[in-house]
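Any value given below was found using the heavy atoms of this structure, including those in side chains, with hydrogens, waters and symmetry copies removed. Chain naming here is simple, since letters A, B, ... match the order of the sequence lines and numbering starts at 1 in each.
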2 protein chains.
Amino acid sequence: MNSTPAISKKKLPARNITDEQKLYDLADLFKVFGDSTRLRILYCLFSKEQCVKEIAQMLHMTHSAISHQLRYLKQNKLVKTRRSGQTIVYSLADKHVQTIFNQGLSHVSEGK
Amino acid sequence: MNSTPAISKKKLPARNITDEQKLYDLADLFKVFGDSTRLRILYCLFSKEQCVKEIAQMLHMTHSAISHQLRYLKQNKLVKTRRSGQTIVYSLADKHVQTIFNQGLSHVSEGK
DNA sequence: TTGATATGTGAATATATGTTCATATATTAC
DNA sequence: GTAATATATGAACATATATTCACATATCAA
């Protein structure tokens, strides 16, 4: 995984193409949010921007696993980066990320 | 799949258990939304309640595939059912479903 | 340059997931 | 009861996914 952006490959019923395609894009977006490691990474970035090493330490995971997921998050435009000397600092790409996150969280929190 | 509700099985870092657990529940929620077939089924249910056969016809898919996904959606409390004679009619479980759907859709629509 | 540190990445592995097929269950009509 | 219709489900299969491992790349300091 992680080598290309999420792309749904199923065939469309060839009707209402635009709306249908949006559903596939939407599925891809939720797919990115549908993994606890990625959510935990995003959660780390809510408070402040962080580098790979910091996130890896916070989550007790290898830098490799984090790096793979960060690449995936970046490909799907949920995080952005800036270089600061040796380290590359990751942060949330836009406010939508936290909005969608919180929307889901409130749903989960009130026990559906 | 489809035999049990989505449950993330990864081990927790044993800190802040409550919040951490919520992240796993949240990942499971997004996982349900992260498939285009399920989104298309939900989309069918936005306008009105539908039975398996109707949905299968609308999406040009087998009743089996739809039934499996509807079971998954029901297990995760996104749809509910009522029986009407021979047919079982599915509908959205609550307003949250459409809210989360639309939240993601607006994100996708404005090109991230 | 060399060494140390931070991050990236391809390949391999193990697991998870979605769909199909065949069959089972449930309701209704007769 | 049987037949017809609607839905459910277990098993098998193919694909997708997340993580680990080993190694590559990049920056900085001396």
Side-chain angles (χ1 to χ4, degrees), chain A residues 1-11 23-24 27-28 30-42 49-76 79-91, chain B residues 1-11 13 23-24 27-42 49-76 79-91:
Chain A
M1 62 145 301
N2 287 343
S3 53
T4 51
I7 297 171
S8 289
K9 299 196 206 70
K10 293 162 195 163
K11 295 196 195 85
L23 290 184
Y24 292 101
D28 288 335
F30 285 128
K31 219 172 280 182
V32 182
F33 281 94
D35 175 76
S36 56
T37 295
R38 287 192 289 270
L39 287 184
R40 299 195 317 144
I41 290 173
L42 292 175
E49 58 179 14
Q50 308 254 23
C51 66
V52 174
K53 197 184 173 190
E54 289 170 326
I55 298 173
Q57 288 171 342
M58 289 180 73
L59 303 185
H60 306 289
M61 295 180 65
T62 64
H63 83 271
S64 180
I66 302 298
S67 181
H68 276 295
Q69 297 295 0
L70 280 171
R71 176 163 65 144
Y72 187 66
L73 287 168
K74 191 181 181 187
Q75 282 171 338
N76 286 280
V79 304
K80 59 185 188 331
T81 61
R82 71 176 178 85
R83 181 175 277 280
S84 171
Q86 271 177 295
T87 75
I88 294 179
V89 189
Y90 287 82
S91 56
Chain B
M1 61 146 301
N2 287 342
S3 52
T4 51
I7 295 172
S8 289
K9 302 198 203 71
K10 292 162 196 163
K11 295 197 194 82
L23 290 183
Y24 293 101
D28 288 335
L29 174 67
F30 285 128
K31 219 171 281 181
V32 183
F33 281 95
D35 175 75
S36 56
T37 296
R38 287 192 288 271
L39 287 185
R40 300 195 316 144
I41 290 174
L42 292 175
E49 59 179 13
Q50 309 253 24
C51 66
V52 173
K53 198 184 174 192
E54 289 170 325
I55 299 172
Q57 288 171 343
M58 290 181 72
L59 303 185
H60 307 288
M61 296 181 66
T62 64
H63 80 270
S64 179
I66 302 299
S67 181
H68 276 295
Q69 297 295 359
L70 280 170
R71 177 164 62 144
Y72 187 66
L73 287 167
K74 190 180 180 188
Q75 282 170 338
N76 286 279
V79 303
K80 60 186 188 332
T81 61
R82 70 176 179 84
R83 179 176 277 280
S84 171
Q86 270 177 296
T87 75
I88 294 177
V89 189
Y90 287 82
S91 57

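With rounding to whole Å, L73(A) atom CG is found 16 Å from dT7(C) atom C1'. Rounded to whole angstrom, the span from the OH atom of Y72(A) across to the C1' atom of dT17(D) amounts to 9 Å. Whole-Å rounding puts the H63(B) NE2 to dT20(C) C1' distance at 11 Å. Here dA18(D) presents its P atom at 15 Å from CZ of F30(B), a figure rounded to the nearest Å. Rounded to an integer number of Å, the gap from I88(B) CD1 to dT28(C) C1' is 14 Å. Rounded to a whole Å, the CZ atom of R71(B) is 17 Å from the P atom of dA24(C). One can place CD of Q75(A) at 11 Å from C1' of dT9(C), the figure rounded to the nearest angstrom. For the pair E49(A) CD and dT7(C) P, the computed distance is 12 Å after rounding to whole Å.
For Y90(A) and dG8(C), the shortest distance from a side-chain N or O to OP1 or OP2 is below 4.0 Å. Side-chain N/O atoms of T37(B) include one lying less than 4.0 angstrom from OP1 or OP2 on dT19(C). Using a 4.0 Å cut-off, some side-chain N or O of R38(B) falls inside it from OP1 or OP2 of dG18(C). The side chain of S67(B) contributes no N or O atom lying less than 4.0 Å from OP1 or OP2 of dT7(D). For Q69(A) and dT19(D), the shortest distance from a side-chain N or O to OP1 or OP2 is below 4.0 Å.
Looking at heavy atoms from C-beta onward, I41(B) lies out of side-chain contact with V79(B) at the 4.5 angstrom threshold. A 4.5 Å side-chain heavy-atom check between V32(B) and L73(B) finds at least one atom pair inside the cut-off.
You cannot call H68(B) stacked on the base of dT19(C); the centres under 5.5 Å and planes under 30° rule is not satisfied.
Which of dT19(C), dA26(C), dT9(C) sits closest to the side chain of S64(A) comes down to dT9(C). For M61(B), the side-chain atoms get nearest to dT19(C) when compared with the rest of dT20(D), dC28(D), dT19(C). Here the side chain of V52(A) is nearest to one of dA8(D), dT7(C), dG18(C), namely dT7(C).
Among I55(A), D35(A), L42(A), L59(A), the one residue that satisfies the side-chain contact (heavy atoms from CB on, under 4.5 Å) test with Q69(A) is D35(A).
Nearest heavy atom pair, residue M61(B) against residue A65(B), reads CE-CB, 3.8 Å.
The residue T62(B) sits close only to the backbone: its heavy atoms come under 4.0 Å of sugar-phosphate atoms, none of a base.
Evaluation of atom-type donor-acceptor distances gives no pair under 3.5 Å for the side chain of Q86(B) against the base of dT28(C).
Aromatic ring pairs are classed by plane angle as parallel below 30°, tilted from 30° to 60° and perpendicular above 60°; the pair F30(B) and F30(A) is parallel.
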